[in-house]
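Step one of this worksheet: look at the structure below.
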Amino acid sequence: MPELPEVEHARRTLEQWLGGAHIDTVHVHDARILDDGVTPARVVRALEGRRVMALERRGKWLRIVLDSGSVFSHLGMTGKWVRCEVGDETLRFEKVRLDVTARARKRRSVRYLDPRMFGRFVVLKESDADLPVWSELGPDPLVDGIDVAALHAKLAKRKLAIKPTLLDQKVLAGVGNIVATEALFVARIDPRRPACELSRAEVGKLARGILRGIEETLAMQEGETIQYVEEPGAPNPFIIYGHEGEPCPRCKRPLAKMVLAGRGTVLCAHCQR
DNA sequence: AACGGAACCTGAAAGC
DNA sequence: TGCTTTCAGGTTCCGT
């Protein structure tokens with residue numbers, strides 16, 4: 001569910017909860033969150049007794065750097081990390097629990113919840129140097145910025161429509177369906193256009209739209225718990241995402257919705273060309 | 001190699 | 001009210 005902004009918010013809160021902490025007890029409630037063949041016992045062995053040195057993010061992946069090795073967390077569509085008191089009852093959808101002693105000897109129970117279970121909790125095998133999907137990620141817009149010339153060159157090789165191309169994490173890490181939808185509207189580019197047809201100027205507009213979308217959503221994240229914007233009751237904060245059928249903010253014609261490479265896509269067929 | 005589509009899961013909302 | 005259908009912001013695999 002989360003895209004880059006929500007994952008960055010998760011990284012910041014996890015850094016507060018876990019930075020420098022000693023991991024006392026680990027419990028895996030559902031092994032389906034792990035890679036095939038990895039047992040909960042192996043995860044416990046890899047984590048218990050370790051200290052958390054840093055929390056990193058690349059795209060939608062989180063990396064918990066330990067004094068020996070690392071673990072990776074991907075929130076999938078519905079994952080979130082929450083903090084409880086040690087001894088609190090198991091939460092609904094709880095998949096992994098880390099009971100830790102944080103700075104100032106404060107004990108905390110940090111838990112990973114994931115109803116839909118598209119998320120992953122990855123402990124590397126001793127033989128693996130790194131997580132391949134992590135090292136294959138493209139530039140992270142927030143960490144690396146967007147090099148328009150490099151992006152233009154990369155897109156020039158792709159005949160696929162621009163929107164599904166943007167969702168390829170090797171192109172830009174962390175861009176998801178919402179950011180892609182919004183950025184294409186801001187840049188006034190039709191999501192169906194082949195990526196290779198975009199001019200350098202259009203790629204520049206797209207890059208600005210992506211950064212703007214990420215920064216605006218990140219600015220909305222407050223408090224400790226990850227918020228998935230547009231949760232029940234909350235107004236939809238996006239420009240066109242989720243606004244299909246409503247008037248285009250620019251030309252007032254109704255916004256269309258279609259499926260592109262399997263993903264719902266909102267657009268203004270008049271403004272985006 | 002590149003692409004579309006299905007699969008992986010489950011909950012919430014919409015439809016009837 | 002309650003049952004059924006649809007949809008979901010991600011990734012991966014499979015067949016063409």
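Everything numeric in this text was worked out from a predicted model, so none of it was measured. Residue numbering restarts at 1 for every chain, and letters A, B, ... go by the order of the sequence lines.
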Query raised in the report: If you look only at pairs with a residue in residues 209-219 of chain A, which of them pass as a salt bridge (charged side-chain N to carboxylate O under 4.0 Å, His left out), with sequence neighbours excluded?
Result: A:Arg212-A:Glu216
Report summary line: Contacts of A:Tyr112 meeting ring-ring contact (aromatic ring centres under 6.0 Å, His included) (sequence neighbours excluded), chain-then-number -> A:Trp81
Requested in this report: Using a heavy-atom cut-off of under 4.0 Å over every strand shown, decide if A:Gly262 touches base, sugar-phosphate, or nothing.
Outcome: nothing
Report summary line: note: A:Glu244, atom CD; C:dT6, atom C1'; distance rounded to Å ~ 13 Å
Requested in this report: Please write out which residues are connected to A:Val186 in a hydrophobic cluster, directly or through intermediates, given that two of Ile, Leu, Val, Met, Phe, Trp, Tyr count as joined at side-chain heavy-atom separations below 4.5 angstrom.
Outcome: A:Phe185, A:Ile239, A:Ile240, A:Leu255, A:Val266
Query raised in the report: Just how far, in rounded Å, is P of B:dT10 from CG of A:Asp30?
Result: 8 Å
Query raised in the report: Between A:Lys80 and C:dG9, is there a side-chain N or O to OP1/OP2 distance below 4.0 Å?
Result: no
Query raised in the report: Is there a donor on the side chain of A:Glu6 or the base of C:dG9 sitting less than 3.5 Å from an acceptor on the other?
Result: yes
Query raised in the report: Say you pick atom P in B:dG11 and the same atom in C:dT12; how far apart are they, in whole Å?
Result: 23 Å
Report task. Scan for ring-ring contact (aromatic ring centres under 6.0 Å, His included) pairs involving residues 52-73 of chain A, sequence neighbours excluded, and state none if there are none. Result -> A:Trp61-A:His74, A:Phe72-A:Trp134
Requested in this report: Not counting sequence neighbours, which residues clear ring-ring contact (aromatic ring centres under 6.0 Å, His included) with A:His27? List them please.
Outcome: A:His29
Grab the N/O contacts between the protein and nucleotides 7-9 of chain B below 3.5 Å, and write none if there aren't any.
unit_1: B:dC9; atom_1: O2; unit_2: A:Arg116; atom_2: NE; d: 3.0
unit_1: B:dC9; atom_1: N3; unit_2: A:Arg116; atom_2: NE; d: 3.3

Query raised in the report: Just checking, is any N or O donor in the side chain of A:Thr90 or A:Arg97 under 3.5 Å from an acceptor N or O on the other one?
Result: yes
**Report entry** A:Asp99 and A:Ser109: side chain donor to acceptor below 3.5 Å
**Finding:** yes
Protein-nucleotides 1-3 of chain B N/O pairs under 3.5 Å:
unit_1: B:dC3; atom_1: OP1; unit_2: A:Leu160; atom_2: N; d: 3.0

Query raised in the report: Is the distance from OP1 or OP2 of C:dT11 to the nearest side-chain N or O of A:Gln169 less than 4.0 Å?
Result: yes
Report task. Take atom P in C:dG9 and the same atom in B:dA14, then report the distance between them in whole Å. Result -> 15 Å
**Report entry** Rounded distance in Å - CZ (A:Phe121) to P (C:dT11)
**Finding:** 18 Å
Requested in this report: With sequence neighbours excluded, give me every salt bridge (charged side-chain N to carboxylate O under 4.0 Å, His left out) pair touching residues 255-273 of chain A.
Outcome: A:Glu244-A:Lys257
Query raised in the report: Is there a side-chain polar atom (N or O) of A:His74 under 4.0 Å from OP1 or OP2 of C:dT11?
Result: yes
Report summary line: So the salt bridge (charged side-chain N to carboxylate O under 4.0 Å, His left out) pairs with at least one residue in residues 163-180 of chain A (sequence neighbours excluded) are A:Arg158-A:Asp168
Report task. Return the stems involving DNA chain C, sorted by first number, where pairs are Watson-Crick (N1-N3 with N6-O4 or O6-N4) or G-U wobble (N1-O2 and O6-N3), both under 3.5 Å, and runs are 3 or more long. Result -> B:2-8 with C:10-16, B:10-16 with C:2-8
**Report entry** Side chain of A:Ala261 - closest among B:dG4, B:dA12, C:dG10
**Finding:** B:dG4
Query - A:Arg51 and A:His22: side chain donor to acceptor below 3.5 Å - result: no
Query raised in the report: NA contact type, A:Val133, heavy-atom cut-off 4.0 Å: base, sugar-phosphate, or nothing?
Result: sugar-phosphate
Report summary line: So salt bridge (charged side-chain N to carboxylate O under 4.0 Å, His left out) across residues 175-195 of chain A, not counting sequence neighbours, yields A:Asp190-A:Arg192, A:Arg193-A:Glu197, A:Arg193-A:Glu202
Query - Residue pairs, two or more places apart or on separate chains, that pass ring-ring contact (aromatic ring centres under 6.0 Å, His included) and touch residues 139-163 of chain A - result: none
